[in-house]
Structure formats: structure tokens, C-alpha cells
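First comes the structure, then the notes that go with it.
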Amino acid sequence: MSLQIQMIGTGSAFARTYYNNNALVYAGGFTLLIDCGYTAPRALHELGVSLDQIDAVLISHIHADHVGGLEELAFRYMYTFKRKIPLLVSSHLETILWEQSLRGGLENLAENVTSLNDYFKVVALREHTPTALHPGLTVELLPADHIPGKRCYSVLLNGKIFFSADTRFNGPLLHELHHKGCTVFLHDCQLDSPGLVHATLDELLTLPKPIQQKTLLMHYGDDMPQFIGKTGDMTFIEQFKTYMFEV
Ligand SMILES: Nc1ccn([C@@H]2O[C@@H]3COP(=O)(O)O[C@H]3[C@H]2O)c(=O)n1
Ligand SMILES: [Zn+2]
Ligand SMILES: [Zn+2]
């Protein structure tokens, strides 16, 4: 069975030539959006993907380059499409996402709209627990070490494709997943060192060749072109290009 991934952006939070690092996952007619940053609505528009073509959205953590487009998504679903889209989020982030990120823009006391559930079909995910979204597509949240004290999750698709979202370098986890049969690592990559909250290129270059060969680098800065040919056996994933993987 195959699965396709199309990054609707591959940029770091402060990139200007690349959109936010968010991904469309296509599996058996189902379309999952992983993260919905503030550039996501524009990127989807450029790709010709209407917001109502998305079957579910999954959130890794509450930085704006990962959730900044959710307010628009919520309003469009409520007032234009008049239905709720499934919102997959860690059970630990559900309240935080509403209280600390979305409530200011979305709460509408006059219409008794007061919670995430008023806009979305919220699916609270437990970490380390594979969840089937559709025949041929399961997601599993793996806690990521990104900002101390703030929850963030990487995503494992079908037990085979690792999508780091935002994380500091975690060599032991990548080795463990490699030995368990993970076939692709989509990993955030800060091009310059030191990396306080992201994996750096220097750190990723310490991975053994068999893991590097499976690694596609994302969440990079505007200076990415200067690093082409300097990434060992890893390659940069390209924004808007569709990649097919066997899973
Ligand atoms: N302790 C921190 C916190 C944040 N940051 C930068 O802010 C960005 C927020 O989005 P991000 O994609 O997680 O990347 C973070 C760092 O660039 C950082 O450099 N150090
Ligand atoms: Zn980010
Ligand atoms: Zn982040």
C-alpha cells in the first residue's frame, strides 16, 4: 500500500521564501493535514486544494507556524462549509490549544460558542497509541523534546514514516525506530548550530549512513540552497512536490 506526502511548506518559523512546515498526507482517498500554520491557508490556495478537501487535521504543538491557520479553518468550516472537521490532538494539548492559543479569536459568547468542540470534531489522541484514521492510515504521537515544559509531538505514520514536527535531536529514538523498521524520517533541520530547540544539520550528520539515506530534511531556513550537497546522505524535501512511499 502506498501513501503520498506533499509538504505545503518546508520553512522554519522565520523563513520567508518557504511556507510553514505543514504536510498533506494522502492515503486511500483520505487527506490528512499535519499542522496548520499561519501560512497554510495561502499555501493550500496556491496548490488548488480547497480547505474542505481535507478530511482531518493533526496538531503537533501550539507554535504559530503549526497552529496559526486553525482560526481560519475553524471559521470556514463553521460558517462556509457548515460542518466539523476532525481535529486530532494529544489529550494533553486539547485544553491548552483552546485556552492558550485559539480562544481569543474563536470564542463567541453571544452565540454560545465556547469550546474547541463547537468548531471541531475533536479526537484526543493518547501518546504511543496507534490510531486508525482510515483503512491504510494510522497515526501515533511520540512525545518530542522541543521546548522545555511545552508539549510537542512527532508523528509516526503506519509505524513506518517518522514525521518529527519540531524536536531537538534524539539519536536513540531515531536508531530505535530504524531498527523497528521505520523506512522514512522526515526531520526538522536547523542549518546553523547550536540548535537550542531544533535538531541541527551537524547533529543529523552524526547519524549512520543507513538512517541518513532514509532522511528527508524539512523546517529549514531561507539559506537552504547554500547547503545543497552538504547534507551527507540526507536530502532536502521540496515544498509542494508529492512524494510516494510504500508502507
Ligand atoms: N527557546 C526558544 C524558543 C523559540 N525559539 C525560536 O522560536 C521559534 C518558534 O517556532 P519554532 O518552529 O519552534 O522555532 C522556534 C525557534 O526558531 C528559540 O530559538 N528558542
Ligand atoms: Zn516550527
Ligand atoms: Zn515549535
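In this chain, residues are counted from 1 in sequence order. Predicted model, so just to flag it, every value in this text is computed and none were measured. Just follow the structure's listing: the first ligand is 1, and inside any ligand the first atom is 1.
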*Of all the atoms in Cys152, is at least one N, O or S atom closer to the Zn ion (ligand 3) than 2.8 Å?*
no
_Quick check on the Zn ion (ligand 3): does His198 put an N/O/S atom closer than 2.8 Å to it?_
no
Is it true that the side chains of [X] and [Y] contain a donor and an acceptor less than 3.5 Å apart?
| X | Y | answer |
| --- | --- | --- |
| Tyr19 | Gln239 | no |
| Tyr18 | Thr10 | no |
| Lys150 | His61 | no |

*Inspect the contact between Asp233 and Lys209 and indicate whether a charged nitrogen and a carboxylate oxygen are less than 4.0 angstrom apart.*
yes
For ligand 1, run through the N/O pairs with the protein that fall under 3.5 Å and put one pair on each line.
residue, atom, partner, partner atom, Å
ligand 1, 12 (O), Asp65, OD2, 3.0
ligand 1, 12 (O), Asp166, OD2, 3.1
ligand 1, 12 (O), His198, NE2, 3.4
ligand 1, 12 (O), His219, NE2, 3.0
ligand 1, 13 (O), His63, ND1, 2.9
ligand 1, 13 (O), His146, NE2, 2.8
ligand 1, 13 (O), Asp166, OD2, 3.0
ligand 1, 14 (O), His198, NE2, 2.9

*What does the angle at the Zn ion (ligand 2) come to, between atom NE2 of His66 and atom OD2 of Asp65, rounded to 10°?*
90°
*Quick one: angle Asp166 OD2 - the Zn ion (ligand 3) - His146 NE2, to the nearest 10°?*
100°
*Given side chain to side chain contact (heavy atoms under 4.5 Å, CB included), test Leu196 with Arg168 step by step and report yes or no.*
CA-CA 7 Å; Leu196 300 175; Arg168 289 195 275 184; over 6 Å; no
*Going hydrophobic residue to hydrophobic residue with side-chain gaps under 4.5 angstrom, can you get from Val247 over to Leu142?*
no
*Could you walk me through whether His219 and His187 pass the ring pair (Phe, Tyr, Trp, His ring centres under 6.0 Å) test, one step at a time?*
CA-CA 8 Å; His219 206 291; His187 212 294; over 10 Å; no
*Going through the distances and angles, do Asp166 and His66 end up as a side-chain hydrogen bond (donor to acceptor under 3.5 Å, both in side chains)?*
CA-CA 9 Å; Asp166 288 3; His66 302 265; 3.0 Å; yes
*asked:* If we ignore hydrogens and angles and just use 3.5 Å, is the side chain of Asn22 paired with the main-chain N or O of Asp65 as donor and acceptor?
replied: yes
*the Zn ion (ligand 3) - closest N/O/S atom in His63*: ND1
*Are any N, O or S atoms from His219 nearer to the Zn ion (ligand 2) than 2.8 Å?*
yes
